[in-house]
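Just so we're on the same page: letters track the sequence lines, and every chain starts at 1.
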There are 2 protein chains.
Amino acid sequence: MASSPRTAPPSGALNRRLADSGLRSTPQRELIYDVLLRKRDHPTADEVFVRVKTEMPTISLATVYNGLETLVQCDLVRAVNFERGPTRYCPNLRPHAHFHDERSGATHDIDLPPALIEHVKAILPPEYRAEAVEISFRGSTSR
Amino acid sequence: MASSPRTAPPSGALNRRLADSGLRSTPQRELIYDVLLRKRDHPTADEVFVRVKTEMPTISLATVYNGLETLVQCDLVRAVNFERGPTRYCPNLRPHAHFHDERSGATHDIDLPPALIEHVKAILPPEYRAEAVEISFRGSTSR
DNA sequence: TTGGGGGTTAGAATCATTCTAATTATCACT
DNA sequence: AGTGATAATTAGAATGATTCTAACCCCCAA
Ligand SMILES: [Mn+2]
Ligand SMILES: [Mn+2]
Ligand SMILES: [Zn+2]
Ligand SMILES: [Zn+2]
């Protein structure tokens, strides 16, 4: 007989990844991830904190930092940095670059064709083994 | 009659760029730039401070930060960031990417062929105007 | 000479993030 | 269900790179 869950069934991907890493599912982690999925505008930890607090007023900023770090470790979320600005968080798992619009401050995802990623890695001398490539643009968009 | 200089003649590029920006040449700015040119290992501001202090013990960390910022504004030096680490400074003016070696902590320059830069910019939708592209690698080198 | 305007300096302030220590929740096993 | 072990959360202090502030210095032009 199925056990009766006391909360709505948690989103599949998160719980699978947490279990794979030997970590527990918690309401805080669920909510942080949910907030990232709902509005994919590359929020900072502070912005995530504000959004999450409206639904869970007792959550702490430390937990938001911890939870975001956990999601990054589980490969469910990417941490995105522009120069020295605060880290932003992105739940888009497709290979993509980031475009930082100076005018609006917005960050946009730019899908990366696999062939381009290969071209870029191909400029490395053979003794360089790249685990990751980051491509980012700075500029502005019309309209 | 030529005026007698009390110091060695300053490196051409720096003084030209400073003058173009309406800024003055100073021993501090000269030395900071010189230190960057002498050892191109992408030092942090603190590392520049240490190197510069051995030749000018009275210089302050604030001046190092100010001077580095000035050199960046003059387009003589690039500020380089990896995740949330301290900013590093690079006097290589050729278009190039950065490879961060996780093992050694070293940062290496990777020259970028103009054609690759075009390829990368070509993935942007037409309404995106990119003023700058940054490419960085994380990994390790053999030997 | 003198005055104005950078430039430099030491130290305080800022701000994102991490750490600490105490509390609370969850899990596995009775 | 009860219990202990372990993980997670929390508030607040600490950290560390960078920026700001305010006083001082130096150069040049009048
Ligand atoms: Mn911006
Ligand atoms: Mn490293
Ligand atoms: Zn993204
Ligand atoms: Zn470089």
Among [options], the nucleotide that comes nearest once only the side chain of [X] is considered:
X: B/R29; options: D/dT18, C/dT8, D/dT9; value: C/dT8
X: A/R24; options: C/dT17, D/dA8, C/dT9; value: D/dA8
X: A/D46; options: C/dA16, D/dT10, C/dT9; value: C/dA16
X: A/Y65; options: C/dT18, D/dT18, C/dT9; value: C/dT18
X: B/A62; options: D/dT10, C/dT26, D/dC20; value: D/dC20
X: A/T26; options: D/dT18, D/dT10, D/dA8; value: D/dA8

B/L23 vs B/L61, nearer the 5' end of DNA chain C by closest nucleotide: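 So the residue in question is B/L23.
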With a 3.5 Å cut-off and sequence neighbours excluded, list the donor-acceptor pairs that the side chains of residues 110-128 of chain B form with protein atoms.
| from | atom 1 | to | atom 2 | distance (Å) |
| --- | --- | --- | --- | --- |
| B/D111 | OD1 | B/R94 | NE | 3.4 |
| B/D111 | OD1 | B/R94 | NH2 | 3.3 |
| B/D111 | OD2 | B/R94 | NE | 3.2 |
| B/D111 | OD2 | B/R94 | NH2 | 3.3 |

Derivation and outcome, side chain to side chain contact (heavy atoms under 4.5 Å, CB included), residues B/D75 and B/R17: CA-CA 8 Å; B/D75 287 313; B/R17 295 297 185 92; 3.5 Å; yes
Find the distance [X]:[atom1] to [N]:[atom2] and express it as a whole number of Å.
X: A/I59; N: C/dT23; atom1: CD1; atom2: P; value: 21 Å
X: A/Q28; N: C/dT23; atom1: CD; atom2: P; value: 18 Å
X: A/E69; N: D/dT9; atom1: CD; atom2: P; value: 13 Å
X: A/Y89; N: C/dT17; atom1: OH; atom2: C1'; value: 9 Å
X: B/F49; N: D/dA17; atom1: CZ; atom2: P; value: 13 Å

From B/E47, B/R88, B/H98, residue fulfilling side-chain hydrogen bond (donor to acceptor under 3.5 Å, both in side chains) relative to B/H42: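 Going through the options one by one, the only one that passes is B/H98.
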Touch class at under 4.0 angstrom, heavy-atom based, for A/T87 against every strand present: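 It contacts sugar-phosphate atoms only.
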DNA chain D: 5'-proximal contact among B/N66 and B/R84 (nearest heavy atom):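 Nearer the 5' end of the strand: B/R84.
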Intermediate values then yes/no, side chain to side chain contact (heavy atoms under 4.5 Å, CB included), B/T44 and B/Y89: CA-CA 6 Å; B/T44 64; B/Y89 296 88; 6.0 Å; no
